[in-house]
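First comes the structure, then the notes that go with it.
Computed over heavy atoms, backbone and side chain alike; hydrogens, waters and symmetry mates excluded.
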Amino acid sequence: MIETPDWVKHAVFYQVFPDRFARSPRLQHPRGIRFEPWGSPPTPHGFQGGDLLGVVDRLDYLEQLGVNALYLNPVFASASNHRYHTYDYYQVDPLLGGNEALRELLEEAHRRQMRVVLDGVFNHASRGFWAFHHILETGGKSPYLDWFRIRDWPLRPYHSNARRPANYDAWWNLPALPKFNVRNPGVRDYLLGVARHWIEFGIDGWRLDVPQEIRDARFWRSVRRVVKEADPEAYLCGEIWEEAPRWLAGDRFDGLMNYVFCWAALSFFGADSLRSGYRKRHLRLKPLRGAGFSRVVRRMASLYDWEATLAQLNLLGSHDMARPLWILGGDRSALRLAVLFQMTMPGAPCIYYGDEIGLSAGDDPHCRQAFPWHEPSSWDSGLLGFYRRAVALRRSHEVLRVGSFEELGRGRSWYAFRRRLGAREAAVVLNAGRGRIRLELPATFSRGFRTLWPAPEENGAGGPAGRSLGLEVPPRQARVLLAGGGRT
């Protein structure tokens, strides 16, 4: 029997890239430290000084947005602004405020009933990781030699290229990222200890980086075991960009970063505005019409056990891709429809920081820009209001979070589905086309319904029982109706 954390099914996540989200004046760095000016054009290696106390300082904003779970990109000590180059897995980076700042964030978030999930990078470390540094200093005599896979000597940790790549296993042959040898029992013990330690510290789960790079199912089963022993309700989410049923069979992860959801939603709602020149591995971005969209959505809803489907992390953007608004060619109506789809589908929605105020930029590093707290006039306040209403819609109605899924119909540029939970039934109709559409909803709606979107209305009158309900939806608009069972 597959079980996933119940809280995830009711969560709306917000992804934070710590260096670029918010600086706190409360964090006092040692004298002499210099950051790039906040809001500078993002660079691959520059630090702009965001920190975890900055996240704490902005929890009011996040609470007003309606999110109740945070996913943070890596926070452990590292010599990179994204911190996927870890050199100390037991120390939060001092530039982020150290372990004390994480403690404060957890306490303040939990006080507000917000969960916090961290990014776990267990496939590779960095040149500065203590065991690899030991090898660099002592060569073949290091006791930690078998923690990595060394092919010949002397090591080339910096001076490597396509003709002379790193002579040890490294992620994508990048010498800065030596891969762990997880078959070494000491490495396994170390990484499992890290996984358990931070759960016991108080985090609510892990997002696991590039898990397919570790081709060892027993290792991932062990990760699940130690994490769930520490907290049975901890969330385990894998960064896998494709369909991956074997990973959600109940013995490894609870959910995946649902990039299938991402590319399908952007391709359908933005079919007429997608940037034709943007290419990203595993993102099948191309104009998608109703029949093709329907196939993808129905497969998403049926591919995994329902428990796993409800624990998927449904995203429209992340630190590893261009901003959705940029991909959509600036088409805000397409983004709004995609967001409403995200907030009414099975699975936990995840908002990438700044998407809600209209940040728009191409691929890394541009998609990792600083949040413009200093320039509120640059915010798209209308879009922010839309996000707040869409999040509130989901959080106000349990049927939209855990109700069953069924397609109601589709056309070339529109899609309709319903969610059911007991006596409650919600119908969602999204019109991505340029013309008005009319469709018939099931007879249950003819006996009385409430309009939840675009504005809540009490209009419960219906026609004769057994008759279907005709519904019209204007172009580039959506309707959400609720029938049978009151207000929740």
Side-chain angles (χ1 to χ4, degrees), residues 1-11 13 69 71 117 119-123 182 195 205-228 232-268 280-286 288 291-316 318 320-321 341-342 344-350 401-407 415 417 419-420:
M1 179 180 175
I2 294 177
E3 294 183 4
T4 57
D6 189 61
W7 66 265
V8 175
K9 303 159 193 171
H10 302 277
F13 279 85
Y71 152 43
V117 171
D119 210 320
V121 189
F122 297 164
N123 173 67
V182 296
W206 289 103
R207 176 268 193 189
L208 285 315
D209 187 59
V210 295
Q212 288 173 303
E213 301 281 338
I214 300 179
R215 297 179 177 87
D216 187 333
R218 287 184 298 174
F219 170 75
W220 290 115
R221 292 186 188 111
S222 296
V223 169
R224 184 178 183 85
R225 174 179 53 78
V226 301
V227 166
K228 298 292 186 177
E233 281 291 292
Y235 182 40
L236 289 171
C237 179
E239 185 213 4
I240 298 178
W241 291 52
E242 311 92 7
E243 296 178 350
R246 291 185 298 119
W247 291 83
L248 299 184
D251 60 343
R252 285 180 259 185
F253 299 152
D254 299 310
L256 306 176
M257 294 189 76
N258 198 353
Y259 280 99
V260 175
F261 178 97
C262 173
W263 65 253
L266 297 180
S267 294
F268 178 67
K280 187 75 177 179
R281 189 184 179 204
H282 304 309
L283 281 184
R284 304 176 189 175
L285 293 165
K286 62 180 180 180
L288 189 63
F293 183 63
S294 170
R295 283 193 294 271
V296 177
V297 172
R298 286 187 285 113
R299 182 167 174 80
M300 276 195 300
S302 62
L303 181 62
Y304 305 108
D305 184 274
W306 186 241
E307 278 283 302
T309 298
L310 293 176
Q312 293 284 73
L313 194 69
N314 290 346
L315 64 150
L316 295 174
S318 80
D320 279 329
M321 57 180 283
F341 178 67
Q342 182 187 31
T344 52
M345 279 288 289
C350 185
R401 304 193 300 272
V402 295
S404 63
F405 172 87
E406 178 187 356
E407 182 179 295
Y415 190 74
F417 60 94
R419 309 287 307 275
R420 285 179 171 178

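- The closest donor-acceptor contact from the side chain of Glu307 to the backbone of Thr4 lies under 3.5 Å.
- No donor-acceptor pair closer than 3.5 Å links the side chain of Gln312 to the backbone N or O of Gly255.
- At distances below 3.5 Å, at least one donor-acceptor pair connects side-chain atoms of Arg252 with backbone N or O atoms of Arg246.
- Counting only distance, with no hydrogens or angles, the side chain of Glu233 and the backbone of Pro5 share no donor-acceptor pair below 3.5 Å.
- Other residues, nucleotides and ligands contribute more than 12 heavy atoms inside 6.0 Å of the CZ atom of Arg224.
- The ring-ring contact (aromatic ring centres under 6.0 Å, His included) search around Phe293 returns Phe268, Phe269, Phe341, Tyr415, not counting sequence neighbours.
- Panel note: side chain Asn314, backbone Pro346; a donor-acceptor pair is recorded below 3.5 Å.
- Note: Phe261 CZ to Met345 CE = 6.0 Å, rounded to the nearest 0.5 Å.
- Atom-to-atom distance recorded for Leu303:CG and Leu248:CG is 8.5 Å, nearest 0.5 angstrom.
- A donor-acceptor pair under 3.5 Å is formed between the side chain of Gln342 and the backbone N or O of Cys350.
- Side-chain atoms of Cys237 and Phe253, non-hydrogen and from C-beta on, never get closer than 4.5 Å to each other.
- One finds the CG atom of Leu310 at 12.0 Å from the CG atom of Asp254 (value rounded to the nearest 0.5 Å).
- Met257 places a side-chain heavy atom less than 4.5 Å from the side chain of Glu239.
- Residues Ala69 and Ala11 share a closest heavy-atom pair of CB-CB, 4.1 Å.
- Taking the side chain as every heavy atom from C-beta outward, Met300 and Asn258 approach each other to under 4.5 Å.
- Considering CG of Leu313 and SG of Cys262, their distance stands at 11.0 Å, rounded to 0.5 Å.
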_With side chain to side chain contact (heavy atoms under 4.5 Å, CB included) as the criterion, how do Arg401 and His10 come out once you've worked through the C-alpha distance, each side chain's angles and the decisive distance to 0.1 Å?_
CA-CA 6 Å; Arg401 304 193 300 272; His10 302 277; 2.8 Å; yes
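- The two residues Tyr259 and Ser318 come nearest to each other via the heavy atoms OH-OG, 2.7 Å.
- The closest side-chain heavy-atom distance from Arg284 to Val296 is not below 4.5 Å.
- Between the CD atom in Gln212 and the CH2 atom in Trp241 there is a gap of 12.0 Å [rounded to 0.5 Å].
- Using a distance-only test at 3.5 Å, with no hydrogens or angles considered, a donor-acceptor pair links the side chain of Tyr304 to the main chain of Ala244.
- For the residue pair Arg298/Ser294, the side-chain donor-acceptor check at 3.5 Å is satisfied.
- A distance-only check finds a donor-acceptor pair linking the side chain of Lys280 to the backbone of Asp320 [under 3.5 Å].
- Judged by distance alone, the side chain of Lys228 and the main-chain N or O of Ala234 form a donor-acceptor pair under 3.5 Å.
- Around CZ of Arg295, the count of heavy atoms belonging to other residues, nucleotides or ligands within 6.0 Å does not exceed 12.
- With sequence neighbours excluded, the residues satisfying side-chain contact (heavy atoms from CB on, under 4.5 Å) with Asp216 are Val182, Arg183, Arg188, Ile214, Arg218, Phe219.
- Across Asp209 and Asp119, no two heavy atoms sit closer than the pair CB-OD1, 4.0 Å.
- Closest of all the heavy-atom pairs between Leu316 and Met321 is O-CE, 3.6 Å.
- Residues Phe405 and Val297 have side chains in contact (heavy-atom distance under 4.5 Å, counting atoms from C-beta outward).
- Just one residue in the list Val121, Leu256, Leu236, Ile240 forms a side-chain contact (heavy atoms from CB on, under 4.5 Å) with Leu208, and that residue is Leu236.
- Put simply, the side chain of Arg419 gets close to the backbone of Thr344: a donor and an acceptor are under 3.5 Å apart.
- Taken from OH in Tyr235 to CG in Asp6, the straight-line distance is 13.0 Å, to the nearest 0.5 Å.
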